[in-house]
Amino acid sequence: AALKSIAGEIGLNIEQWDSDRLSENRQAELLKDLELAHTLEIDATPTVFINGRRVDSFQEAALVFLIQHELDSVSK
């Protein structure tokens with residue numbers, strides 16, 4: 001109900017939105033995404049990966065360090 005309310009507030013066509021989100025194609029896409037998340041052990045949002053490695057710290061300094069480290073390693 002909350003999502004439907006938000007969809008209406010932002011001007012979506014509610015009938016089309018309901019039809020799209022409940023379609024078999026959309027459900028199949030959702031299941032595929034959920035399977036991928038399970039495979040990658042993604043259990044929360046946001047989840048950050050840098051160069052294929054999961055990052056558990058969202059502190060700016062840690063992210064900057066890890067990104068710079070990756071950039072430095074490819075420029076050598």
Side-chain angles (χ1 to χ4, degrees):
L3 288 177
K4 190 177 269 191
S5 175
I6 293 168
E9 287 175 21
I10 64 171
L12 292 181
N13 175 322
I14 298 298
E15 288 181 22
Q16 182 68 49
W17 180 74
D18 268 338
S19 174
D20 288 345
R21 75 182 181 87
L22 299 173
S23 74
E24 287 184 27
N25 287 343
R26 199 67 58 228
Q27 294 298 317
E29 289 177 12
L30 179 59
L31 287 175
K32 185 177 173 184
D33 286 349
L34 288 171
E35 288 173 8
L36 178 59
H38 180 74
T39 298
L40 297 174
E41 298 180 4
I42 296 172
D43 54 6
T45 55
T47 299
V48 175
F49 288 84
I50 297 177
N51 209 12
R53 290 185 297 191
R54 184 177 176 146
V55 177
D56 292 320
S57 173
F58 294 107
Q59 294 178 351
E60 182 180 357
L63 291 171
V64 169
F65 174 81
L66 292 169
I67 292 168
Q68 189 60 55
H69 175 69
E70 290 299 319
L71 291 172
D72 291 344
S73 69
V74 296
S75 65
K76 291 180 181 178

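Values below: all heavy atoms of this structure, side chains included; hydrogens, waters and symmetry mates excluded.
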* Between atom CD of E9 and atom CD1 of I6, what is the distance when rounded to the nearest 0.5 Å? -> 6.5 Å
* Run the salt-bridge test on R26 and E29 with the 4.0 Å N-O cut-off and return the result as yes or no. => yes
* So, for F58 and P46, which heavy atoms are closest and what is the spacing to 0.1 Å? -> CZ-O, 3.4 Å
* Spacing of E70 atom CD and N51 atom CG [to the nearest 0.5 Å] -> 4.5 Å
* **By side-chain contact (heavy atoms from CB on, under 4.5 Å) - contacts of S19 (at least two apart)** => none
* Structure fact -> Correct closest heavy-atom pair for F49 and T47 would be CE1-CG2, 3.6 Å
* To do: Could you walk me through whether L31 and Q27 pass the side chain to side chain contact (heavy atoms under 4.5 Å, CB included) test, one step at a time?
  => CA-CA 6 Å; L31 287 175; Q27 294 298 317; 5.6 Å; no
* Structure fact -> Interatomic distance, CG@N25 vs CG@L30, rounded to 0.5 Å, equals 12.5 Å
Listed pairs under 3.5 Å, donor-acceptor, residues 34-41 side chains, sequence neighbours left out:
residue	atom	partner	partner atom	Å
T39	OG1	E35	O	3.0

* May I ask whether L3 and L12 are part of the same hydrophobic cluster, defined by side-chain heavy atoms of I, L, V, M, F, W, Y residues being less than 4.5 angstrom apart, directly or through others? => yes
* When hydrophobic residues are tied together by side-chain contacts of less than 4.5 Å, even through go-betweens, does V48 share a cluster with L66? -> yes
* To do: Return the set of residues passing side-chain contact (heavy atoms from CB on, under 4.5 Å) with D18 (not counting sequence neighbours), or none when no residue passes.
  => K4, I14, R21
* To do: Rounded to the nearest 0.5 Å, what's the gap from CZ on R54 to CD1 on I42? Could you check?
  => 7.0 Å
